[in-house]
Amino acid sequence: MTEAQIKVKRTESVLLELIPEALGSLNDKRLHQLTVIDVKCSRGRSDAKVYIDPASFSEEEKGEFLKLLKKARPIVEDFCMKDQGWFRPVKFTFEFDEQLKKAQSIEELFKKIAKE
């Protein structure tokens, strides 16, 4: 692993801790129920995708949460920047992580194949 990759991983782990803390500090109680699963930073650490657990939210609720997160994004970015003493914030993109559903559907397919 190169030094740049180590810095990216370190930033990701710091953000994985800071983002839920920042969401918890907001006044909107709806954002408190979201769980951050993973954070993936770009190579330059200027952008990051934040993956959120979809839990049992409907598509309508997911859309509403994404709107709320879009409004709260500058506050969360500022919180992380000030906490770490960075000079510019990491730009966040929030997404619901659908990998778990995909993995479950693939496992179901394998079970069907095994039965045949």
Side-chain angles (χ1 to χ4, degrees):
M1 210 180 235
T2 66
E3 188 176 328
Q5 290 173 325
I6 292 171
K7 287 181 180 181
V8 168
K9 291 289 184 192
R10 188 178 309 135
T11 303
E12 289 173 353
S13 67
V14 166
L15 290 174
L16 191 59
E17 293 176 16
L18 284 177
I19 293 170
E21 187 179 329
L23 290 174
S25 69
L26 297 173
N27 291 335
D28 195 340
K29 302 289 184 199
R30 294 174 290 182
L31 293 176
H32 296 191
Q33 60 185 318
L34 296 176
T35 305
V36 177
I37 296 176
D38 198 14
V39 177
K40 292 291 179 193
C41 289
S42 64
R43 195 179 307 170
R45 296 181 292 166
S46 59
D47 298 313
K49 284 191 178 184
V50 180
Y51 294 99
I52 298 168
D53 183 15
S56 59
F57 301 126
S58 68
E59 291 300 319
E60 190 176 300
E61 289 174 320
K62 288 179 187 178
E64 188 176 325
F65 279 122
L66 290 176
K67 285 180 187 176
L68 291 171
L69 287 167
K70 190 174 182 179
K71 288 181 182 178
R73 184 180 60 89
I75 299 166
V76 175
E77 290 171 355
D78 193 52
F79 180 91
C80 294
M81 180 182 72
K82 287 180 180 176
D83 187 80
Q84 290 299 303
W86 294 333
F87 295 107
R88 62 185 172 132
V90 177
K91 299 291 180 198
F92 296 130
T93 305
F94 293 98
E95 296 179 8
F96 282 97
D97 188 15
E98 302 296 339
Q99 293 298 326
L100 183 62
K101 286 183 181 179
K102 289 180 183 177
Q104 287 174 343
S105 65
I106 289 173
E107 286 179 25
E108 288 174 12
L109 287 173
F110 283 137
K111 288 178 184 177
K112 287 180 183 178
I113 291 170
K115 288 180 183 178
E116 292 178 4

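None of these values were measured; they are calculated from a predicted model.
- For Asp28, the side chain to side chain donor-acceptor pair (under 3.5 Å) partners are Arg30, not counting sequence neighbours.
- The salt bridge (charged side-chain N to carboxylate O under 4.0 Å, His left out) search around Glu3 returns Lys7, not counting sequence neighbours.
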Throw together a table of side-chain donor-acceptor distances under 3.5 angstrom for residues 73-80, partners on residues two or more places apart or in other chains.
from: Arg73; atom 1: NH1; to: Glu77; atom 2: OE2; distance (Å): 2.7
from: Glu77; atom 1: OE2; to: Phe92; atom 2: N; distance (Å): 3.0
from: Asp78; atom 1: OD2; to: Lys82; atom 2: NZ; distance (Å): 3.2

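- Atoms CZ and CZ, from Phe96 and Phe65 in turn, are 6.5 Å apart once rounded to the nearest 0.5 Å.
- Glu98 meets the salt bridge (charged side-chain N to carboxylate O under 4.0 Å, His left out) test with Lys62, Lys101; sequence neighbours excluded.
- In this structure, Glu12 and Cys41 approach most closely via the heavy-atom pair OE2-N, 2.9 Å.
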For this session: Please report the C-alpha distance between Phe57 and Gln33 in whole Å, then the side-chain angles of each, then the deciding distance to 0.1 Å, and finally whether the side-chain contact (heavy atoms from CB on, under 4.5 Å) criterion is met.
Result: CA-CA 11 Å; Phe57 301 126; Gln33 60 185 318; 4.2 Å; yes
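- Note: Ser13 OG to Lys9 NZ = 9.5 Å, rounded to the nearest 0.5 Å.
- Looking at residues two or more places apart in sequence or on another chain, you find a side-chain contact (heavy atoms from CB on, under 4.5 Å) between Ile6 and Met1, Arg10.
- Nearest approach of Val8 to Ser42, heavy atoms of both residues: CG2-O, 4.0 Å.
- Here the CD atom belonging to Glu60 is positioned 7.5 Å from the CD atom belonging to Glu64, to the nearest 0.5 angstrom.
- In this structure, Gln5 contributes its side chain and Thr2 its backbone to a donor-acceptor pair below 3.5 Å.
- To the nearest 0.5 angstrom, Leu18 atom CG is 4.5 Å from Asp83 atom CG.
- In this structure, the side chain of Gln84 does not engage the main chain of Met81 through any donor-acceptor pair within 3.5 Å.
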Compile the donor-acceptor pairs under 3.5 Å between side chains in residues 44-55 and protein atoms, sequence neighbours left out, one pair per line.
from: Arg45; atom 1: NH1; to: Thr11; atom 2: OG1; distance (Å): 3.3
from: Asp53; atom 1: OD1; to: Ala55; atom 2: N; distance (Å): 3.2

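- Counting only distance, with no hydrogens or angles, the side chain of His32 and the backbone of Leu26 share a donor-acceptor pair below 3.5 Å.
- Atom CG of Leu16 is separated from atom NZ of Lys40 by 10.0 Å, given to the nearest 0.5 angstrom.
- Between atom OG1 of residue Thr93 and atom NZ of residue Lys70 there is a gap of 10.5 Å, rounded to the nearest 0.5 Å.
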